[in-house]
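Have a look at the structure below, then the notes.
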Amino acid sequence: MSDKGRTILITGALGQIGSELTIALRDRYGNENVIATDLREDEEGRLSSSGTFSKLDVLSTEEIDTIVKKFRVNAIYHLAAMLSAVAEKAPEKAWHVNMNGLFNVLEVARENDCSVFFPSSIGVFGPSTPMDGTPQVTIQRPESMYGITKLAGELLCNYYHDKYGVDTRGVRFPGIISNVARPGGGTTDYAVEIFYDALEKGRYTCFLRSDTYLDMMYMPDAMKAAIEIMEADGEHLRFRNAYNIASMSFTPEELAAEIRKHIPGFAIDYEVDPVRQKIADSWPNYMDDSAAREDWGWKPDYDIAAMTEDMLSVLRKRIDGDAD
Ligand code: NAD
Ligand code: SER
């Protein structure tokens, strides 16, 4: 597909990733070419002020099809989903939203010749997966409902590519750290909450154990990955389920130490949530992303030091601005 001719539909656009990815895609392809949608109304005008926003439930194939036809969409970023912690509280609903939502998107994509971006996750791995340098192709036996739906989603994307020729592309996002919309109920949310509490209270109570290693990624890198894989030459993509992508891996204690370089008195303590701890313990310590680097040139810009500095600087300005 020519990059100039892209008309994009985003589902779940009001979430943590969509709130920023929508704007990045509008900057790149033009405001009028990026249609943002969500189950919720855009009450704050975050996305409707710069382009089209429409309510859309991904559980309705008809609603998706109508918007795709109306705006002549040819690429879908399917972000709508329930994340790991909320999915574990309502597993039946999570299966319904995560699986049937994706199925509907793929069906509409098949009938209307759209490419599809699918955000998979570190959640597709489980306790029997090699934890260090987790390979692109390895044992995948997730034990959370979120992970099960993301793994089945990867396989479904691969199926639609192989059977129907749908141009499906995906990445396994680490925990995403960002400063616009708050996270939607995941196991990695501590790595965002900690920054707000560090600046507002000087302390943070973490729901994961101090020594829990997890892959994380700063939002600018996550958006770069989502855009670059969709623009990559399809001939070079060996994997149509999803690619491992990585940039930094740390424990809560290591992140607290990094924050202390900027806020020396910052304190952290721990009240472990057993549900989220069990999920985190079953996810990789760090992934091997060499396949993404080889196939479509993936390369992140932020490590833990650069991310921490930027997060604190952006949030400090916002908090100071609110106080004026
Ligand atoms: P989020 O929870 O912040 O946002 C999800 C959005 O989907 C919400 O705005 C919600 O209103 C919407 N939604 C829920 N049900 C819907 C439905 N039936 N129809 C339409 N919209 C619906 O999630 P996020 O963090 O922005 O994540 C976006 C995608 O990226 C998800 O698929 C998620 O699994 C994946 N992902 C996120 C992370 C992360 O750390 N944020 C990591 C890995 C993968
Ligand atoms: N950040 C996500 C979660 O914790 C990972 O996919 O659910």
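Values below: all heavy atoms of this structure, side chains included; hydrogens, waters and symmetry mates excluded. First listed ligand is number 1; within each ligand, the first listed atom is number 1. This chain uses plain numbering: 1 for the first residue, then up along the sequence.
Exactly one of Arg169, Arg6, Arg28 qualifies for a salt bridge (Lys or Arg N to Asp or Glu O under 4.0 Å) with Glu231. That residue is Arg28.
Gln136 contributes atom CD, which lies 7.0 Å from atom OH of Tyr243 (distance to the nearest 0.5 angstrom).
Ranking protein heavy atoms by distance to atom 1 (N) of ligand 2, first place goes to Thr188 OG1, 2.7 Å. The nearest heavy-atom contact from the protein to atom 3 (C) of ligand 2 is Ser84 OG, 3.3 Å.
For ligand 2, the polar-atom distance check against Thr187 finds a nitrogen or oxygen pair separated by under 3.5 Å. Considering backbone and side-chain atoms together, Leu59 places no N or O closer than 3.5 Å to any N or O of ligand 1. Inclusion of Asp189 in the set of residues having an N or O under 3.5 Å from an N or O of ligand 2 is not warranted. For ligand 1, none of its N or O atoms has an N or O atom of Phe173 under 3.5 Å away.
Listed for the Thr251 side chain is no donor-acceptor partner under 3.5 Å among the backbone atoms of Tyr213. The closest donor-acceptor contact from the side chain of Asp42 to the backbone of Leu47 lies under 3.5 Å. Between the side chain of Asn104 and the main chain of Val58, a donor-acceptor pair closer than 3.5 Å is present.
Here Tyr190 has no heavy atoms under 4.0 Å from ligand 2, in either its backbone or its side chain. Using a 4.0 Å cut-off between heavy atoms, Tyr146 contacts ligand 2 through its side chain alone, with no backbone atom that close.
For Ser144, there are no side chain to side chain donor-acceptor pair (under 3.5 Å) partners two or more places apart in sequence or in a different chain.
A salt bridge links Asp65 with Lys69: the distance from a Lys NZ or Arg NE/NH1/NH2 to an Asp or Glu carboxylate oxygen falls below 4.0 Å.
Contact atoms of ligand 1 toward Arg40: 8 (C), 9 (O), 11 (O) (distance under 4.0 Å to a heavy atom of the residue). For ligand 1, the atoms sitting less than 4.0 Å from at least one non-hydrogen atom of Pro174 are 40 (O), 42 (C), 43 (C), numbered in the order shown with element in parentheses.
Heavy atoms of Ala181 stay at 4.0 angstrom or farther from ligand 1.
Among residue pairs with one or both ends in residues 79-92, those qualifying as side chain to side chain donor-acceptor pair (under 3.5 Å) are Ser84-Thr187; sequence neighbours excluded.
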